[in-house]
Amino acid sequence: MRRQALIALLSYWRRNWLQFFTLLAGLALATALWSGVQAINAEARASYDAAAATLGEGQYTQITANNGLPIAVEDYVALRRVGWLVSPVVEGRLDGVRLIGVEPLTAPQGIGTTALSIEAELPSEPTLWVSSGVSVDGVTTVETPELAPNTAIGDIGLVSDLLGAQGISRLLVLSDQPVRQPPLESVVQGLNVQTPQGGSDIGRLTDSFHLNLTAFGFLSFVVGIFIVNGAVGLAFEQRRPLVRTLRALGVPLRTVIAIMAAEMAVLSLLGGVIGVVIGYFIAAALLPDVAATLQGLYGADVGGTLAIRPVWWLSGLGIALLGGMAASASALWKLSRMPLLAGAQPRAWSMQAGRGRVIQTIAGLFMLAAAGIFALIADGLVTGFALLGTLLLGAALLLPMVLNAALALGQRLAKGPVWEWFWADTRQQLPGLSLALAALLLAMAANIGVSTMVSSFRQTFVGFLDQRLAAELYVTARDEEDAVALEQFLAGKVESVLPIEQIDVEANGLPAELYGPIDDRTYRDNWRFLSQVPQMWDIVQAGEGVAINEQLSYRGDLQLGDMLELPGITLPVVGIYGDYGNPIGQVIIGREVFKELYPDSQALRYGVRVLPEDVAALTDQLVSEYGLPEANVINQAGIKAYSLDIFERTFTVTGALNWLTLGVAGFAILMSLLTLSGMRIPQLAPLWALGLTRGRLERLEILRTVMLTAWTFVFALPLGLALAWVLLAVVNVAAFGWRLPMFVFPTSYVFLLVQALIAAGAAALWPALKLGRTPTSHLLKVFANER
Amino acid sequence: MLKIRDLQKSYVSAGQTVQVLKGVSLDLAGAETLALTGESGSGKSTLLHLAAGLDVVDAGDVFVGETNVGKLNEAGRAHLRRDVVGVIFQQFNLIPSLTVEANIAFHARLAGKYDADWCKRLADRIGLTEQLGKYPEQLSGGQQQRVAIARTLAAKPALVLADEPTGNLDEETAAQVIALMLELVSETGAALLMVTHSSALAAMLDRRLHLRAGQVA
Amino acid sequence: MNARVLALLLLWPLAAFGQGFAGLGSDADGFALPQRGYTFDFPTDHGAHPEYRIEWWYVTANLTGDDGAEYGVQWTLFRSALAPEEAAGWSSPQVWMGHAALTTEDAHFTAERFGRGGIGQAGASDQQLSAWIDDWELDFSHMTASGTDWRYDLSLSETGPLVFHGAEGYSVKSAGGQASYYYSQPFLAVDGTLTIGNEDIHVTGNAWLDREWSSQPLAEDQSGWDWFSLSFDDGDKLMGFRLRGADTYTSATWIDADGGTTAYTDGAFMAEPLENSPTSGPEVPVLWQVQLPERGLDVTVSAINPDSWMPLTTQYWEGPVTVTGTHTGRGYLEMTGYE
């Protein structure tokens, strides 16, 4: 009996291959989107982790020299001899390969060891462990696949020799330190301790990119779940008559449900496997860009090839199975409560959906209320993402209600019977399309939100670059003596020379970098402040106030007018400026005060203001006449162009993902319409009989989908902007400690609308054409035959 | 009002060409009611569909008033259905997304002949004044057919074509519905061609024509 | 997987540490070997001997707190050479490892440091007895070491002469002739402070320095040793060890209160385990019967804290003991090669 019932249930698919395809494709696409994004994320993360482990950054407090020069080995030993457990790292590039030298006897656990396994052959000669494809002349290399790409790691002695390095690039501070140790400055002066305040530079910057991707992964997951839910729900709805027949023939309900659940599990896994494979190709296609983006942005190397990582393909299968089973659970539950004789006719829609809609609306409002509460209390990533989740889910749940209201308004305003029917009929179709439309809503909102975030980030960052890289040239002196000579050399040749020097201080007990810039129009013209008092620069240069960066204002809870205590002086805060990508607090005081406090400080770096057309000549002079190494002269235009290029690449990835999400939502619409089209004929036939041509009905059908898309967009726009706000003002603050100003980009939203309308129109085209080509005899059958 | 001459129509079914109408002629004057009877497959519904411009004529002529339906293109036929004739089917006559009231008014408004008083009277006549705000699926089969009749007559067509309008109803209800229809048709002065397999119902009309195997018997 | 494994990979001969003391029996290619009849030269011999493969500065101290509580302290610096030479800078083949421990009756604190030669992070002076790694320091006037939550700072003073083991400091370790240079300073008075957490404890007592260097101190078949340094209440002292191999090999030195010595060759000194005890490492004997019949010695040696396991890169048991029987006193016990 079970076998017969199974055959009967499966035979349904043979006759309805399109629906079978819909279901499988829905599952596969949702899984693909999810696992594709996961794959990109996992891959980037894995590469980054390897890099982080190789560098030892992100976990350990580090010590570097204030002047950026190497630390003497004697200073390292001096620190060790008084109980500072630090380990030296020498770092540099040799023929494009990143060489890292560690001191294995003192290195903290886990440094440089991610890739090295105990099984590795014991070397009998100087050896470098290298990532695949890397070779270094004259040195035995051992390929270690898990090592960060384009990296070689070896003993500090060997690497120092290879690089010709004098001294140590930086010191890692071990997490376990002896019970007693003297202050750093009493041992060696001029060193700078960088505590990992929730992650080091590379960590937090790379994280901001991952955050972007994580948000996308999350959103695509939600979109995917909607599609799976829709496909499964329809498949069950359609088989209700069959189930009735089986039960009438004496198959127990429990058997039917068991068979259908098992069938669903198999289908889910099948769709999941296909989806993971597609996801892999999506990721593989996008990964070079991801790699390029990360590499460019943060100097972190990402492997160009995609490894199949159990994490993401398992999660992909899990999602497919979970989504499939969750969707079928509600359908099976409905089935189990269905009276034997009721509901032989599939009812994909109904005006009686009233009670369900009320519940859904209440649930949606509840979600939005929760989102409101989260918005008020959100102070971390978890609440930030909870806010995102409740906001999106609430909006998706409210969508049918909102659309229904919009359509009712349309109906009331409609002129003529055809248009009245058009609106009324659209309303009636809403339940059948609402899942697909919810997917579309989320896809559009995600696109608006993420692109707003990325664009805002870019706009802010470009402004920041203009501010911080205002000088045409940046030059670095080799030592203090050289610096004095360099200042003399430049004097008179250029508009102005801006010394860049910093002292590590405690500002209200918080670690901060203290700057004392000269009074120059460069600062007055280019610096933008989040808030400032009038004549701010005058007050600062007069030594009567300080400007601080946003990080310090957040961390120290400092507003304009608050007093900031610095070593030797206490001044009011008169300006707060945005500072992106820098985790440490900054304080700017007047030049004279700075010199009074630190008379011995000597800048080594300088910004040089010079007419743009003179940049090349001056560079030449500095190198050939003055004898400064070429690497010590940096053209800011180059840096800016480079930085902008990086953002363009970020856009490539987000842009591609935008299209993908939208495409999947379009597919959901297509499949919903195709499934509904069979049921549409009895609804449209009377209109045809009353004198509307099939061509007109066809155009109305396309218009309906496009119109629904437009209405959904109207709803998606504020949702997307809210999403962007959450990402910028809540999640970003939680993750990185600064709030990004939000910019809106109306033209890009219009472009998105056009994109979405095209996608929706394309999705509606086939079902509409199919409808328009329906033979009249099929239409006539509606009126005569028992269906 | 309706003049059919030597009408022929065939369909391709399961790879075989089936000649459904083999040269049928008939005349229907204004305000006259004619019952078209015959076995299943005799071609009576096909004849009605061709007269309504729902299907395309193979050969022969169908005149509705002065219009030769066979010469019309799709838009012309749609125009015919909208403005000149009214069709009542066995089922699915109504537009499920519109209320009873909107359904009744729909055809008349489409044809630009909407008359609120007349619609109200029709609703009263079919006894559904209380049900105007409901949707078709909330009505019984008999009520639905009465709404279909009201909708058709609301547009005051010159020719009413009814294809087994009571085929889904029990005998008693069927007789009531037909009586109502005849009453309303005679009030508007329209001609009526009704396809039915029931001799009892056919007897309620002015004339009766029997089709057998695609020809007038 | 940890940094130590990387250390093994990058500096593989250091594997001698990782492979345990048994590895000390490996070949001595290129390294100098101890010679019978060597004349010690001080202060030079207090310093490092890079031409030998392995060397240590090893202090153990039995201490008593003001309240009478017993403590033990260990300070050890090992030197291991990858090549029989010293060089300046990162290219030095000398590798240093420090072990320190502080033992109470119910706790055992340990710490470990690594360093490389050539840069001054760890080493030993040839001008006087002075050895160090990081901030751990040892000379004849003070000794200090620390872990994350403990520390000791002890003043030392010599109260007797240096003592030479075996044949004038040439200490034979097996019937096959493996040997090391071995001298001690067992006469060190101690006064200082132990810090455990936030608590400072004033202690006094005595310490014992062992200096030993060699290139091949153990025979192939020897798996480990049990080493005793005992200070009796009457002022006499005894150093005795038992090397476990195919045959047990023993050696001992009796040290009179005035520093006079008598060396005993294989078989004279006997040590038998009486009772095993679980530790944070393997099970080891913590109760011993120790005999030196020629001196009428028959004592029971028992661990003050049975769990004095050193859970470091090289693992062994090292802790203070008390002596009862024909003689009474206290001392230190070291047991290696247990698994």
Side-chain angles (χ1 to χ4, degrees), chain A residues 53 56 72-74 76-88 90 101-129 142 144 153-161 165 168 174-182, chain C residues 1-15 17-18 80 82 87-98 100 102 109 111-123 132-137 144-153 195-200 313:
Chain A
V73 175
E74 292 72 39
Y76 159 62
V77 172
L79 284 170
R80 291 286 309 196
R81 289 300 315 277
V82 296
W84 276 81
L85 295 188
V86 291
S87 184
V90 167
V102 296
E103 208 290 280
L105 294 169
T106 51
Q109 300 225 334
I111 289 299
T113 57
T114 314
L116 309 179
S117 73
I118 195 156
E119 288 81 19
E121 227 173 295
L122 291 178
S124 55
E125 53 199 351
T127 301
L128 284 176
W129 280 261
V142 176
T144 314
I153 184 169
D155 182 65
I156 190 166
L158 173 61
V159 172
S160 294
D161 286 349
I168 293 160
L174 276 66
S175 43
D176 283 343
Q177 292 289 327
V179 62
R180 231 178 272 165
Q181 61 187 190
Chain C
M1 192 67 210
N2 58 41
R4 298 290 94 82
V5 174
L6 181 68
L8 297 181
L9 291 171
L10 292 173
L11 302 158
W12 71 270
L14 180 63
F17 284 151
S80 178
L82 314 184
W90 297 122
S91 53
S92 163
Q94 301 293 326
V95 174
W96 300 80
M97 174 172 78
L102 168 57
F109 303 95
E112 180 174 50
R113 297 287 179 85
F114 283 90
R116 56 207 279 170
I119 58 170
Q121 182 200 345
W132 70 90
I133 182 164
D134 295 340
D135 53 331
W136 298 4
E137 291 172 343
T144 181
S146 57
T148 51
D149 56 351
W150 62 275
R151 175 183 178 88
Y152 58 73
D153 256 306
T195 305
I196 298 173
N198 295 323
E199 191 190 357
D200 284 347
T313 306

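Just the heavy atoms: all of them, side chains too, but no hydrogens, waters or symmetry mates, feed the values below. In what follows, chains are A, B, ... by sequence order, proteins preceding strands, each numbered from 1.
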Heavy-atom distance under 4.5 Å to chain A: side chain of C:W136, backbone, both or neither?
neither
Taking all non-hydrogen atoms of both residues, which atom of A:L174 and which atom of A:T106 are closest, and how far apart?
CD1-O, 3.6 Å
Just so I understand: if I count every heavy-atom pair under 4.5 Å between each of C:G118, C:S92, C:G147 and chain A, which residue has the most?
C:G147
Under 4.5 Å from any heavy atom of chain C - which part of A:L79
neither
4.5 Å side-chain heavy-atom contact, C:D135 and A:V82
no
If you take all heavy atoms of C:R113 and A:R80, which pair is closest and at what distance?
CD-NH2, 4.2 Å
Atom group of C:T195 that falls short of 4.5 Å from chain A, counting heavy atoms
side chain
Looking at every non-hydrogen atom in both residues, tell me the closest pair between C:Y152 and C:A100 and how far apart they are.
OH-CB, 4.0 Å
Side chain to side chain, A:L105 and C:W96, heavy atoms closer than 4.5 Å
no
What part of C:S146 gets closer than 4.5 Å to chain A, counting heavy atoms only: side chain, backbone, both or neither?
side chain
